[in-house]
Amino acid sequence: KQEVTQIPAALSVPEGENLVLNCSFTDSAIYNLQWFRQDPGKGLTSLLLIQSSQREQTSGRLNASLDKSSGRSTLYIAASQPGDSATYLCAVAPGGYQKVTFGTGTKLQVIP
Amino acid sequence: DVKVTQSSRYLVKRTGEKVFLECVQDMDHENMFWYRQDPGLGLRLIYFSYDVKMKEKGDIPEGYSVSREKKERFSLILESASTNQTSMYLCASSLGLAGGSTDTQYFGPGTRLTVL
């Protein structure tokens, strides 16, 4: 059974700092990995999706990497802003019609 | 833009009531999902559907049922609400062309259900 872990559960950084969020998974037989953002009391918004054949994906100040062999992904946020404050979740898709497994998230606070 | 809407943002029901949570997507997606989200437990899949009239159990289907009579609408039903079903309920949809679990999921805003 796939298990997805995100450590730390919470992170507080000063504005402008570059930061890395971590996601680890136990079964490397994945089809893709996705990073989501969730604002308090809201639904999830997709940020980046990395296919299993890819090493990284970039969107603006966000860069996500994937190392399937070690079961790890990181989300790098450059020059953090208070508006980046949210919970970030990763999700692993095994492919076919098997279900996606979500991590429990890292709650990020960027202090002005 | 994909839009997934849920019928209520907040809902308060009493124990034993039958509760309907509605979800509608406007992008002709094949796949639809219902999750619940609880602190410390993350998102847990309740039911999903890869086609009209089709449904599959997720990790925690007990106490729930679903209906998908039309492609754009996926309903979650709590047959007899209990206090342990107090939670945030999230609906999602995905395109579904490449396989059931491989496409980006688009989420609705969520329904926070309180059962008294």
Side-chain angles (χ1 to χ4, degrees), chain A residues 1-10 21 23-27 29-54 57 59 62 64 66 68 86-107, chain B residues 1-6 8-10 21 23 25 30-51 54-61 87-114:
Chain A
K1 179 186 172 186
Q2 178 74 271
E3 291 183 8
V4 181
T5 305
Q6 293 184 250
I7 296 173
L21 305 180
C23 171
S24 60
F25 48 94
T26 55
D27 185 349
I30 67 170
Y31 190 91
N32 63 41
L33 183 145
Q34 196 164 357
W35 282 93
F36 291 87
R37 169 189 172 131
Q38 186 177 29
D39 293 294
K42 302 284 183 63
L44 280 67
T45 301
S46 177
L47 296 174
L48 290 164
L49 185 149
I50 312 176
Q51 301 294 348
S52 63
S53 57
Q54 298 174 319
Q57 279 284 344
S59 175
L62 306 179
L66 175 64
K68 262 183 48 174
T87 297
Y88 292 81
L89 297 96
C90 65
V92 173
Y97 288 88
Q98 299 179 68
K99 69 178 185 69
V100 172
T101 302
F102 287 81
T104 52
T106 295
K107 185 175 182 179
Chain B
D1 274 354
V2 176
K3 191 158 186 183
V4 180
T5 57
Q6 295 183 228
S8 305
R9 290 300 311 277
Y10 301 94
L21 302 182
C23 175
Q25 50 93 5
E30 300 291 329
N31 307 331
M32 296 189 76
F33 309 84
W34 273 107
Y35 296 89
R36 64 177 284 177
Q37 185 177 33
D38 301 286
L41 297 177
L43 270 76
R44 292 181 291 168
L45 182 64
I46 306 172
Y47 268 96
F48 59 99
S49 170
Y50 289 136
D51 199 357
M54 174 270 182
K55 59 186 178 184
E56 290 287 343
K57 293 180 180 179
D59 295 323
I60 51 165
S87 185
M88 169 71 103
Y89 289 87
L90 293 165
C91 174
S93 71
S94 67
L95 186 57
L97 291 182
S101 71
T102 57
D103 302 308
T104 298
Q105 291 191 26
Y106 296 87
F107 282 80
T111 295
R112 184 163 294 282
L113 172 67
T114 302

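Just so it is clear: chains get the letters A, B, ... in the order the sequence lines come, proteins before strands, and each one is counted from 1.
Heavy atoms closer than 4.5 Å to chain A are found in the side chain of B:R9, but not in its backbone. There is no contact between A:Q6 and chain B, counting heavy-atom distances below 4.5 Å. Contacts of A:I30 with chain B are absent, with no heavy-atom separation under 4.5 Å from either backbone or side chain.
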Could you go through B:Q105 and A:Q34, starting from their C-alpha distance and side-chain angles, then the distance that decides it, and tell me whether this counts as side-chain hydrogen bond (donor to acceptor under 3.5 Å, both in side chains)?
CA-CA 9 Å; B:Q105 291 191 26; A:Q34 196 164 357; over 6 Å; no
Tell me, with the steps shown, if A:K1 and B:D59 meet side chain to side chain contact (heavy atoms under 4.5 Å, CB included).
CA-CA 12 Å; A:K1 179 186 172 186; B:D59 295 323; 5.8 Å; no
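Remark: A:S59 pairs with A:L48 by the side chain to side chain contact (heavy atoms under 4.5 Å, CB included) rule, at least two apart or across chains.
With rounding to the nearest 0.5 angstrom, the CD atom of B:Q37 is 6.5 Å from the CG atom of A:L44. For the atom pair OG1 (A:T45) and OH (B:Y106), the distance works out to 11.0 Å, reported to the nearest 0.5 Å.
The shortest non-hydrogen separation linking A:T104 to B:L41 is CG2-C, 4.0 Å.
Taking the side chain as every heavy atom from C-beta outward, B:M88 and A:K42 never approach each other to under 4.5 Å.
In A:K107, the NZ atom is not crowded: 12 or fewer heavy atoms of neighbouring residues, nucleotides or ligands sit closer than 6.0 Å. Within a 6.0 Å sphere centred on CD1 of A:I7, heavy atoms belonging to other residues, nucleotides or ligands number 12 at most.
Interface summary for chain B: among A:G105, A:G103, A:G43, A:S46, the most heavy-atom pairs under 4.5 angstrom belong to A:G43.
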